[in-house]
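Both backbone and side-chain heavy atoms feed into the values below; hydrogens, waters and symmetry mates do not. Residue numbers start from 1 in every chain, and the chains themselves are labelled A, B, ... in the order their sequence lines are given, proteins ahead of strands.
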There are 2 protein chains.
Amino acid sequence: MGVTLKQLAASLGLSPTTVSRALNGFPEVSKATRARVQEAAQRANYSPNTRAKSLATGRAQAIGHVIPVSTSHEMVNPIFADFIAGAGEIYAQSGYEMILRVVPDADEQHAYGDLVGRGAVDGIIVHGPRVRDPRVDMLTELGIPFLVHGRTSQVNTPYSWLDINNQRSFRRAAQFLIDFGHRRVALINGLEEMDFARRRRSGYLDALGAAGLASDPLLMRQGEMTEPYGYRAAQEMMQLPDPPTGFLASSMIVAYGLRRGLSDMGLKLGRDVSIVTHDDELSYLPNDGDVPMFTATRSSVREAGRRAARMLLRLVNEPDCGPLSELMETSLVLGASTGPARA
Amino acid sequence: MGVTLKQLAASLGLSPTTVSRALNGFPEVSKATRARVQEAAQRANYSPNTRAKSLATGRAQAIGHVIPVSTSHEMVNPIFADFIAGAGEIYAQSGYEMILRVVPDADEQHAYGDLVGRGAVDGIIVHGPRVRDPRVDMLTELGIPFLVHGRTSQVNTPYSWLDINNQRSFRRAAQFLIDFGHRRVALINGLEEMDFARRRRSGYLDALGAAGLASDPLLMRQGEMTEPYGYRAAQEMMQLPDPPTGFLASSMIVAYGLRRGLSDMGLKLGRDVSIVTHDDELSYLPNDGDVPMFTATRSSVREAGRRAARMLLRLVNEPDCGPLSELMETSLVLGASTGPARA
DNA sequence: CTCAAGCTTCAAACCGCTTTGGATGACTGT
DNA sequence: ACAGTCATCCAAAGCGGTTTGAAGCTTGAG
């Protein structure tokens with residue numbers, strides 16, 4: 001499909017050199033010629049072959065996203081679609097392509113090396129960082145610009161990242177419930193190897209500590225963030241001798257599960273039990289309206305995608321701009337799922 | 001990053017030709033040489049530059065996925081992540097790259113032409129087909145292999161597709177409720193411009209017709225498939241003078257909304273009201289267990305992704321294998337959300 | 001009128017790989 | 001000893017762009 005530069009040049013009686021320069025805005029082309037070339041290119045519907053162009057320039061004009069899929073628990077991260085949508089917007093504007101790899105985590109070592117080795121991408125976005133994630137060192141070694149969506153603890157190599165302030169969010173959320181008189185607050189967390197889960201727990205524990213409340217392992221749970229997971233957590237915890245009166249949920253989906261569990265037991269949110277959830281503002285799970293259904297720590301993961309893309313492109317184009325990082329704060333929005341603890 | 005073929009050849013005292021042939025399994029290389037080359041390639045961590053390779057071969061070794069994002073209703077399709085995961089598996093096995101474009105539907109015309117014109121992909125997967133979708137003609141015109149995930153009505157050009165049997169699924173689902181004595185069955189559908197929504201409605205109407213039941217516009221609704229959408233539908237429909245006793249939901253998320261709406265009114269699923277939903281088996285919205293929460297027409301969208309990828313790769317590699325199509329049947333699994341209509 | 005300077009334009013090399021069309025040499029049969 | 005096979009290997013020409021170094025043609029100053 002498509003005319004080549006050479007053909008276009010021939011049809012104009014010009015050399016490929018001149019046509020290339022005319023189209024790429026180089027100064028050494030006369031105004032008249034440039035106009036003529038541009039017009040012809042337009043009409044012939046010419047667009048330069050990406051592969052040839054990037055072979056010649058040495059830049060792939062593409063960013064790689066690697067999404068790990070655990071072979072054990074095959075969940076695809078539901079926030080992925082919205083993040084991608086945000087990043088995609090920016091790539092489109094900047095003339096970059098997004099290339100995606102879905103890799104079973106066993107093959108990860110290989111996947112990154114391969115992507116870079118074949119020169120397929122100029123930069124990489126790392127999804128779903130875990131605690132002490134080996135990918136940071138691996139990618140640093142490979143010498144390619146990369147940006148982590150999230151962070152990874154216990155890694156000493158400096159690296160670029162974009163994260164939300166998970167710790168502060170969950171501290172505030174817990175604090176909020178405590179201020180409402182809740183003394184038994186449960187944390188329904190994500191998988192413990194995920195770095196964000198760790199930070200959230202830490203914020204939660206901070207708040208408990210600051211209020212002089214002891215933490216109770218029975219009120220802390222971690223797992224894959226599905227609806228049934230929330231449901232079970234609610235059911236089981238409410239049957240404890242000393243059940244919680246408030247819940248912190250790690251995602252809207254978990255919050256849905258919690259609510260179902262609680263409502264099946266005849267408990268009403270905001271009156272009998274409270275929930276504060278984290279809300280990534282996923283487009284298909286809106287939590288808005290006059291009074292949002294859930295009180296939530298809110299941060300748009302789509303916006304995060306946009307920012308991450310911008311940062312990575314900067315890292316790619318200004319090699320020495322050093323590790324970049326951005327910590328996005330969340331807002332705590334009041335919804336219908338919280339109220340004072342019952343006496 | 002990375003050794004080049006030439007360097008590798010030089011280090012071995014061989015010509016690039018021989019090295020290339022040795023690595024690509026051509027017969028005119030001695031066993032000994034091949035082994036030596038392979039070993040060296042391994043050790044040097046050599047992987048061929050994708051751009052150079054595809055420039056030379058004329059094949060991009062990449063498949064493009066274009067996901068449209070309406071500028072009006074900015075929802076990112078939640079089934080997207082799982083579909084992609086399935087397709088990605090196959091691409092990885094077959095040595096193809098997946099390139100993704102997120103495009104506002106205003107730019108679609110341009111997006112496809114651009115992708116093809118630059119020779120960036122060998123084939124394209126079309127997501128979210130609408131009724132009379134112009135993309136089929138556009139892509140046929142462009143002359144690139146493509147496969148539609150779903151179908152589009154009122155288009156005469158033959159094209160390749162992979163779809164689930166939406167009509168039959170919803171006919172069965174409606175039939176099932178009717179057999180249980182339900183006379184007032186509501187359909188909470190997706191956006192009406194989406195082709196799948198149209199087919200589902202058609203199946204639903206078939207079942208009503210076959211049972212001699214009149215359809216009631218008050219019991220049919222279409223919209224973006226979010227949780228609050230389901231909630232509102234439930235609340236509003238149950239307040240009708242002659243409310244439904246059964247619901248057909250277009251997705252798990254809608255079903256969650258319905259259930260919340262109903263349960264807020266003190267109605268119990270499977271006893272007071274019934275729901276049959278479509279379940280795409282999204283990894284983060286499981287509907288399984290001994291007795292699944294919802295009775296559902298079930299079909300794995302991840303498996304659909306796998307099959308779609310395989311079909312498209314076949315179309316790419318066997319240009320004349322003609323338009324391919326596959327209609328996946330769904331299974332109707334019995335869950336806890338249905339029961340006989342109350343007398 | 002001549003020559004350096006300034007504009008335009010171009011030929012050719014190159015990016016890293018594949019592939020066509022030999023070339024080389026060992027081996028065979030006569 | 002000689003032509004004919006066969007098995008190996010290689011030089012060189014692309015693929016479709018970019019980019020370097022230089023050439024052709026005007027100009028204006030000397």
Side-chain angles (χ1 to χ4, degrees), chain A residues 1-38 40-41 44-62 95 97 114-122, chain B residues 1-38 40-41 44-62 95 97 114-122:
Chain A
M1 291 317 70
V3 224
T4 71
L5 221 210
K6 208 177 296 185
Q7 292 169 344
L8 187 63
S11 82
L12 281 165
L14 288 172
S15 77
T17 310
T18 306
V19 175
S20 171
R21 307 211 120 136
L23 293 174
N24 292 323
F26 281 70
E28 55 272 81
V29 175
S30 75
K31 263 207 145 42
T33 315
R34 187 187 306 272
R36 203 159 64 91
V37 171
Q38 280 170 339
N45 211 343
Y46 168 77
S47 41
N49 183 300
T50 320
R51 308 191 293 267
K53 182 165 191 158
S54 64
L55 218 211
T57 57
R59 338 192 61 234
Q61 293 288 99
E97 218 68 80
D114 186 69
L115 213 45
V116 179
R118 317 187 98 89
V121 297
D122 295 324
Chain B
M1 287 322 65
V3 224
T4 69
L5 220 211
K6 207 180 297 184
Q7 293 169 344
L8 187 63
S11 83
L12 281 165
L14 288 170
S15 78
T17 309
T18 306
V19 176
S20 172
R21 306 212 121 136
L23 293 175
N24 292 324
F26 282 69
E28 56 272 84
V29 175
S30 75
K31 259 203 146 46
T33 313
R34 188 186 306 271
R36 202 159 63 93
V37 170
Q38 281 170 339
N45 210 344
Y46 168 78
S47 40
N49 183 299
T50 320
R51 306 191 294 265
K53 182 164 190 159
S54 62
L55 219 210
T57 57
R59 338 192 61 234
Q61 292 289 101
E97 217 67 78
D114 187 70
L115 212 46
V116 179
R118 316 187 98 89
V121 298
D122 295 324

* Tell me, with the steps shown, if Leu23(B) and Val37(B) meet side-chain contact (heavy atoms from CB on, under 4.5 Å). => CA-CA 7 Å; Leu23(B) 293 175; Val37(B) 170; 3.8 Å; yes
Is it the case that the side chain of [X] and the backbone of [Y] share a donor-acceptor pair, with hydrogens and angles ignored and the cut-off at 3.5 Å?
X	Y	result
Arg21(B)	Glu28(B)	no
Arg51(B)	Arg51(A)	no
Ser47(B)	Asp114(A)	no

* Structure fact -> Interatomic distance, OG1@Thr50(B) vs CG@Leu55(A), rounded to 0.5 Å, equals 10.0 Å
Under-4.0 Å side-chain N/O to phosphate OP1/OP2 contact, [X] with [N]:
X	N	value
Ser30(B)	dT8(D)	no
Asn24(A)	dT18(D)	yes
Ser15(A)	dC10(C)	yes
Tyr46(A)	dG16(D)	no
Lys53(B)	dG16(C)	no
Lys6(A)	dG17(D)	no

Between [N] atom [atom2] and [X] atom [atom1], what is the distance in whole Å?
X	N	atom1	atom2	value
Glu28(A)	dA5(C)	CD	P	19 Å
Lys31(A)	dT9(C)	NZ	C1'	18 Å
Gln7(A)	dG17(D)	CD	C1'	13 Å
Arg36(B)	dT8(D)	CZ	P	14 Å
Arg118(A)	dC17(C)	CZ	C1'	12 Å
Asn49(A)	dG16(D)	CG	C1'	6 Å
Arg21(B)	dT18(C)	CZ	C1'	8 Å
Leu12(B)	dC10(D)	CG	P	10 Å

How would you label the contact of [X] with the nucleic acid (heavy atoms, under 4.0 Å): base, sugar-phosphate, or nothing?
X	result
Thr33(A)	sugar-phosphate
Thr17(B)	base
Arg51(A)	nothing
Ser20(B)	base

* To do: Look at the side chain of Pro48(B) and decide which nucleotide, out of dC10(C), dT19(C), dC17(C), has an atom nearest to it.
  =>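 Output: dC17(C).
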* To do: Could you check Val19(B) against Pro16(A) and say which one's nearest nucleotide on DNA chain D is further toward the 5' end?
  => Val19(B)
